[in-house]
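Every chain is numbered from 1, with letters handed out A, B, ... down the list of sequences. Side chains included, hydrogens not; waters and symmetry mates left out as well; all remaining heavy atoms used.
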Amino acid sequence: MSGELAKTYKPGDFEDRIYRTWEESGSFHAETDERKRSFTIVMPPPNITGRLHMGHALDQTLQDVLARWRRMQGRAVLWLPGTDHASIATELKVAGEIREKEGKSKEDLGREEFLKRAWEWKGLYGGKIAEQMRKLGNSCDWRRERFTMDEGCSRAVKEFFVRLYKKGYIYRGNRIINWCPGCMTSLSDVEVEHEDVNGKYWYFRYLGVGGGDIVVATSRPETMFGDVAVAVHPDDVRYKRLIGAKVELPVIGREIPVIADVYPDPDKGTGAVKITPAHDANDFAVGERHNLEKISCIGRDGKMNNLAGKYAGMDRFECRKAWVRELEDAGFLVKTEKRAIPAGTCYRCGAVVEPLLSDQWFVSMSELAKPAAEAARSRKIVHTPERFEKVYLRWLDEIKDWCVSRQLWWGHRIPAYYCGVCGEIIVSAEEPDACPACGSAKLRQDEDVLDTWFSSAIWPFSTLGWPEETADLKYFYPTDVLVTGYDIIFFWVARMAFSGLEVMKDVPFRHVYVHGLVRDAEGRKMSKSLGNGVDPLEIINNYGADALRFTLLSGVTPGNDVRFQTEKLEASRNFANKLWNASRFVIMNLKDENGAFLPVAAAARLRGEDVWILSKADETVREITANMEAFELSLAARKIYELTWNEYCDWYIEFVKSRLYGTDEEDKQSARHVLLRVLRDILRLLHPFMPYITEEIWSFLPRGEEEALLINESWPAGGGISDDGGAARKIELAMEAIRGIRNLRAEAGTAPSKKLRAVILAAPGARRDLEAESEHLKNVARLSEIVFASGREEIPEDAMSAVVAGAEIFIPMDELLDYEAEFERLSRERQRLESETARISAKLSNAGFTGNAPEAVVAAEREKLLKYEDMLAKVTARLGALADKR
RNA sequence: GGGCGCAUAGCUCAGCUGGGAGAGCACCUGCCUUACAAGCAGGGGGCCAUAGGUUCAAGUCCUAUUGCGCCCACCA
């Protein structure tokens with residue numbers, strides 16, 4: 001890169017260019033390399049339904065930070081990107097678009113044509129998503145980009161299905177499943193969201209055949225057409241005598257038995273429950289126990305069927321109203337009770353889910369779930385934050401079979417074939433030519449597709465080439481960390497765990513880093529219906545990707561939700577701007593008037609502030625590295641922010657200016673050396689968080705041993721700085737003095753341009769420290785606009801003066817004029833010191849404290865006490881002098 | 001019904017394994033000081049939800065309570 005770092009920070013001017021540079025350099029690409037340790041993250045593939053939202057931005061930024069950091073540490077980093085076909089969601093979108101644009105249903109188009117359209121959709125949105133990921137700065141390996149329905153993944157899905165089938169884990173059965181009348185497909189349990197809706201209990205009288213009526217309560221009267229029994233608890237004295245008798249369904253007139261089962265709770269409702277095995281999972285279980293008929297009265301479209309008589313064809317909810325009215329008119333309604341009733345809704349379309357009896361494919365989960373749970377218990381899979389392990393385990397421990405077939409077209413078609421002659425079911429990855437049982441060629445493939453999450457479950461290894469035993473698989477599996485939101489622990493995390501353990505015999509990931517949701521500024525969930533979603537691209541256009549990334553990571557706790565606020569965005573952008581300008585300053589000072597780099601000392605002659613900033617940087621390197629290891633990315637981000645702004649910019653650069661503008665050539669070179677060295681460390685530390693700006697600045701720095709690209713630069717190691725001479729302490733004293741004098745000036749209202757005279761008290765410690773290197777004094781003078789009195793004049797005990805910096809520096813009062821203000825200020829100071837010394841004395845005279853607290857803590861308290869006592873004495877003396885002269 | 005999270009400065013939130021309360025924004029005062037007004041310097045503002053307990057020491061650990069939020073669950 002030639003030329004100069006632009007005057008103003010405009011991320012839009014360089015972000016895209018930087019990204020191209022990275023991509024073209026091959027830095028994102030991972031190769032198996034036995035000399036290196038691998039670090040693998042497979043990206044949770046975003047759905048191809050549309051654009052990326054803030055949740056993706058957060059999710060992917062976290063991954064990118066980890067990937068970039070590990071890459072800098074020298075690991076062979078594979079961050080594998082991809083997208084998900086999102087069966088239901090995409091099918092709804094595509095069908096919706098066709099309906100809108102062409103007025104046709106998907107059935108009008110037919111399966112083949114519809115799939116063609118869906119693939120076109122994938123091509124369009126898949127590409128858009130990849131572009132968005134690039135904008136974010138994702139350092140993923142595009143050469144390995146995958147799609148859940150690409151050839152390799154499709155093959156893996158079939159293979160996985162066949163293997164589970166052969167081991168007896170997959171079966172086909174006619175059972176109660178969750179049916180979504182909106183999407184017209186079955187759903188798994190986790191795809192049903194539970195919410196309470198305002199509803200009613202209706203109490204109906206079922207007339208006993210030969211006396212003995214029973215009143216049952218129901219929230220779903222329309223299912224009465226499918227009733228096959230009334231169940232009561234065997235010990236319920238109210239109904240004991242009726243067990244075995246028959247009752248008559250109101251109006252319908254059909255007779256059904258009264259049965260005894262432990263399912264009814266005598267304390268709930270009337271204690272008697274109508275049993276509708278075809279429309280309720282519990283009733284289904286009761287029906288199985290008692291060998292009852294299963295009568296369906298509601299169809300897949302959510303409408304009543306012929307069994308509902310005159311209500312046939314009517315929507316289930318319409319029917320409910322009409323049917324209740326009829327029952328009421330006929331005198332069967334005993335009472336009505338308003339109350340909240342639980343309703344299951346489809347997580348995609350929101351329709352009320354209908355439990356239906358249906359032929360579906362299931363994965364038998366109990367055995368498969370055990371190793372997955374065990375992996376967490378034995379810490380082979382570690383959750384961060386830990387609490388999510390409980391969530392994961394609870395689900396696996398109480399797992400139910402997984403309905404994996406979907407009555408959709410967009411997805412992996414189930415590799416099962418039915419013989420049209422003998423009815424044999426053939427499950428095979430390859431399409432069979434003939435029925436192995438009867439030899440017939442009349443074979444028909446199952447019409448259904450698999451649950452989207454079935455292919456997601458094998459994502460960590462299907463993307464690495466499984467079922468082939470590839471080198472990639474061997475090298476990159478198991479992956480190191482899975483980054484994902486807490487909302488898909490069941491959908492995805494747990495299922496990947498059992499799939500990986502079943503197929504690969506090893507966990508799919510060692511760590512699960514769970515993050516929260518991105519909410520809007522008011523704390524509401526971002527959603528399409530609320531229209532409060534924020535487009536990451538728009539933010540990037542206005543603030544830059546770096547600011548967006550930093551914002552998403554700052555001030556958050558792992559696993560907790562983040563509020564997205566523009567103020568935070570501005571703060572991040574301002575931080576980038578600060579770094580930009582500081583870098584401009586540094587680069588400017590590294591060059592001569594012709595723009596050529598000036599010599600920089602190979603090894604600097606370190607002065608106090610150099611040692612101070614270098615040790616601060618070192619400390620930060622150590623801390624940040626530890627934070628990264630522990631996934632404390634937010635803490636790491638804050639520390640690099642503080643080092644950059646509060647230490648490097650606010651103090652070090654200010655300290656070093658006098659040297660840069662001085663004449664001591666060796667000293668100037670030293671200053672440049674440290675300035676550059678620390679800036680490089682800052683850029684390295686910040687790079688995972690703000691990759692673009694750091695890379696751009698890096699390109700304008702002089703290059704020695706350094707990499708051409710920051711992305712390939714190594715993570716700073718830290719160490720190597722020793723502060724034997726107590727340089728940091730002296731610098732901090734100088735800082736204290738500067739702050740104290742500035743404070744004094746501000747309170748006295750002294751004009752900023754007015755120079756004040758000051759005198760250092762001939763106190764042994766501080767004076768020596770401040771004078772030890774006269775540069776400190778100069779800096780104090782320069783940065784607080786004072787002039788030190790010449791020589792080592794003693795201040796007479798009764799001189800009028802103000803006191804700052806641990807009572808070591810005096811400013812003659814005639815400079816300040818406001819005696820009253822200074823008197824008050826010192827009084828406050830005395831009060832503070834008195835209460836502090838009292839507090840510490842009490843602490844130190846407590847045998848419990850001195851006996852139990854660590855030695856270092858006690859020693860620190862002793863030191864503090866001495867310091868405060870000394871200060872108190874001086875302040876008191878000055879106060880006395882002031883009072884006399886006032 | 002079970003489980004979990006959150007309650008800290010006006011707002012949004014940090015505070016890691018217990019040792020003198022922090023940031024950003026907002027607010028007040030003064031500054032366009034040749035890196036930066038997207039900035040600089042200074043300042044005000046908090047019984048860290050409540051009540052107990054453990055400890056020499058609690059925002060930090062334990063128990064209970066209150067309020068808000070989330071997840072799970074087969075109450076007809």
Side-chain angles (χ1 to χ4, degrees), chain A residues 5 7-9 190 194 201 203 216-220 223 230-231 263-265 267-276 280-286 341-342 385 387-388 390-391 394-395 398 486-487 489-490 516-517 521 523 543 547 554-557 559-563 565-568 570-589 623 626-627 630 632 634-635 638 641-642 646 649-650 653-654 657 738-739 742-747 749-753 783-785 836 839-840 843 846-854 856-858 860-861 864:
Chain A
L5 193 60
K7 261 225 149 56
T8 49
Y9 168 59
V190 284
H194 298 275
Y201 277 2
Y203 290 76
V216 299
T218 180
S219 58
R220 305 202 50 201
T223 63
V230 168
Y263 166 59
D265 181 342
D267 298 330
K268 287 171 185 166
T270 62
V273 186
K274 63 191 265 313
I275 299 298
T276 322
D280 182 281
N282 289 312
D283 293 6
F284 180 85
V286 174
I341 54 167
R387 67 183 133 96
F388 289 106
K390 254 186 168 173
V391 178
R394 169 188 281 268
W395 191 70
E398 293 166 15
Y486 59 67
D487 50 336
I489 292 177
F490 306 141
L517 272 36
Y543 295 89
S554 299
V556 300
T557 322
N560 286 4
D561 294 349
V562 200
R563 282 195 206 202
Q565 301 175 107
T566 35
E567 301 88 73
K568 235 166 118 181
E570 278 166 17
S572 304
R573 190 267 323 267
N574 292 354
F575 172 54
N577 186 56
K578 185 74 181 176
L579 174 68
W580 185 268
N581 283 305
S583 303
R584 273 181 57 227
F585 172 84
V586 173
I587 293 167
M588 182 192 307
N589 281 287
E623 287 179 4
N627 288 146
E632 296 163 346
S634 179
L635 287 180
R638 196 183 64 195
Y641 178 99
E642 284 169 357
N646 305 342
C649 291
D650 286 352
I653 285 184
E654 295 305 328
K657 275 178 180 169
I738 292 162
R739 272 195 222 102
R742 281 173 175 170
N743 174 315
L744 199 63
R745 296 181 65 109
E747 286 201 13
T750 318
S753 53
L783 298 175
S784 55
E785 294 292 340
E836 283 299 295
R839 198 183 57 78
I840 300 172
K843 206 170 180 181
N846 177 354
F849 174 68
T850 49
N852 293 314
V857 174
V858 179
E861 290 294 314
K864 250 189 291 185

Using the [atom1] atom as the reference point in each nucleotide, state the distance between [N] and [M] in Å, no decimals.
{"N": "B:C48", "M": "B:G2", "atom1": "P", "result": "32 Å"}
{"N": "B:A9", "M": "B:C25", "atom1": "C1'", "result": "12 Å"}
{"N": "B:U63", "M": "B:U54", "atom1": "P", "result": "15 Å"}
{"N": "B:U55", "M": "B:G46", "atom1": "P", "result": "33 Å"}
{"N": "B:C68", "M": "B:G53", "atom1": "P", "result": "28 Å"}
{"N": "B:A23", "M": "B:A35", "atom1": "P", "result": "27 Å"}
{"N": "B:A58", "M": "B:C47", "atom1": "C1'", "result": "14 Å"}
{"N": "B:G59", "M": "B:U17", "atom1": "P", "result": "15 Å"}

Q. Using the ring of each side chain (for Trp, its six-membered ring), is A:W395 parallel, tilted or perpendicular to A:F490, with breaks at 30° and 60°?
A.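 Parallel: the ring planes of A:W395 and A:F490 meet at under 30°.
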Within the pair [X] and [N], is there a side-chain N or O less than 4.0 Å away from OP1 or OP2?
{"X": "A:N627", "N": "B:C16", "value": "no"}
{"X": "A:T557", "N": "B:A14", "value": "yes"}
{"X": "A:N852", "N": "B:C56", "value": "yes"}
{"X": "A:R745", "N": "B:A41", "value": "no"}
{"X": "A:K268", "N": "B:A76", "value": "no"}

Remember a base hit wins even if backbone is also touched, and classify [X] as base, sugar-phosphate or nothing at under 4.0 Å, heavy atoms.
{"X": "A:K843", "answer": "nothing"}
{"X": "A:I489", "answer": "nothing"}
{"X": "A:F388", "answer": "nothing"}
{"X": "A:D650", "answer": "sugar-phosphate"}
{"X": "A:N846", "answer": "sugar-phosphate"}
{"X": "A:A571", "answer": "sugar-phosphate"}
{"X": "A:G555", "answer": "sugar-phosphate"}

Nucleotide N/O of nucleotides 68-72 of chain B paired with protein N/O under 3.5 Å:
none

**Q.** Which residue lies more 5' along RNA chain B, comparing A:V216 with A:Y9 via nearest heavy atoms
**A.**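 Final value for this comparison: A:Y9.
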Q) More 5' along RNA chain B: A:G271 or A:R739, using each one's nearest nucleotide? A)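 Closer to the 5' end of RNA chain B: A:R739.
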Using atom [atom1] of [X] as one end and atom [atom2] of [N] as the other, report the distance to the nearest whole Å.
{"X": "A:K274", "N": "B:C74", "atom1": "NZ", "atom2": "P", "result": "18 Å"}
{"X": "A:E567", "N": "B:A38", "atom1": "CD", "atom2": "P", "result": "16 Å"}
{"X": "A:Y203", "N": "B:C75", "atom1": "OH", "atom2": "P", "result": "15 Å"}
{"X": "A:N581", "N": "B:G39", "atom1": "CG", "atom2": "P", "result": "10 Å"}
{"X": "A:N574", "N": "B:A38", "atom1": "CG", "atom2": "C1'", "result": "4 Å"}
{"X": "A:K7", "N": "B:U34", "atom1": "NZ", "atom2": "P", "result": "13 Å"}
{"X": "A:N646", "N": "B:G42", "atom1": "CG", "atom2": "P", "result": "11 Å"}
{"X": "A:L635", "N": "B:U17", "atom1": "CG", "atom2": "C1'", "result": "13 Å"}

Is any side-chain heavy atom of [Y] closer than 4.5 Å to one of [X]?
{"X": "A:K657", "Y": "A:I653", "value": "yes"}
{"X": "A:K568", "Y": "A:V562", "value": "yes"}
{"X": "A:L5", "Y": "A:M588", "value": "no"}
{"X": "A:V230", "Y": "A:V216", "value": "yes"}

Could you measure the distance from the [atom1] atom of [X] to the [atom2] atom of [Y]? Nearest 0.5 Å is fine.
{"X": "A:N574", "Y": "A:L579", "atom1": "CG", "atom2": "CG", "answer": "12.5 Å"}
{"X": "A:K864", "Y": "A:R839", "atom1": "NZ", "atom2": "CZ", "answer": "6.0 Å"}
{"X": "A:T557", "Y": "A:E632", "atom1": "OG1", "atom2": "CD", "answer": "10.5 Å"}
{"X": "A:N852", "Y": "A:N846", "atom1": "CG", "atom2": "CG", "answer": "9.0 Å"}
{"X": "A:Y201", "Y": "A:K268", "atom1": "OH", "atom2": "NZ", "answer": "8.5 Å"}

Ignoring the backbone of [X], work out which of [options] is nearest its side chain.
{"X": "A:P854", "options": "B:C4, B:G19, B:C36", "answer": "B:G19"}
{"X": "A:N560", "options": "B:A35, B:A14, B:A76", "answer": "B:A14"}
{"X": "A:R584", "options": "B:C13, B:C75, B:C36", "answer": "B:C36"}
{"X": "A:A853", "options": "B:C4, B:A35, B:C56", "answer": "B:C56"}
{"X": "A:A746", "options": "B:G42, B:A76, B:A35", "answer": "B:G42"}
{"X": "A:K657", "options": "B:G19, B:C6, B:A35", "answer": "B:A35"}
{"X": "A:R387", "options": "B:C40, B:A35, B:G5", "answer": "B:G5"}
{"X": "A:N282", "options": "B:C74, B:G42, B:A35", "answer": "B:C74"}
{"X": "A:K578", "options": "B:A76, B:C13, B:C40", "answer": "B:C40"}
{"X": "A:P264", "options": "B:A76, B:G19, B:C13", "answer": "B:A76"}

In Watson-Crick or G-U wobble terms, both distances under 3.5 Å, what is the partner of [N]?
{"N": "B:A35", "value": "none"}
{"N": "B:A9", "value": "none"}
{"N": "B:U63", "value": "B:A51"}
{"N": "B:A57", "value": "none"}
{"N": "B:G1", "value": "B:C72"}
{"N": "B:U17", "value": "none"}
{"N": "B:C27", "value": "B:G43"}

(Q) Quick check against the 3.5 Å criterion: does A:N577 have a side-chain atom that pairs as donor or acceptor with the backbone of A:R573? (A)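 Absent.
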Q. Is there a donor and acceptor pair closer than 3.5 Å between the side chain of A:R573 and the base of B:A38?
A.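 Answer yes: a donor N or O sits under 3.5 Å from an acceptor.
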(Q) Ignoring hydrogens and geometry beyond distance, is the side chain of A:E654 in donor-acceptor contact with the base of B:A41 at under 3.5 Å? (A)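 No such pair is found, so the answer is no.
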Q | Residues A:D561 and A:Y486: side-chain donor-acceptor under 3.5 angstrom | A |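 Yes - a donor-acceptor pair under 3.5 Å links their side chains.
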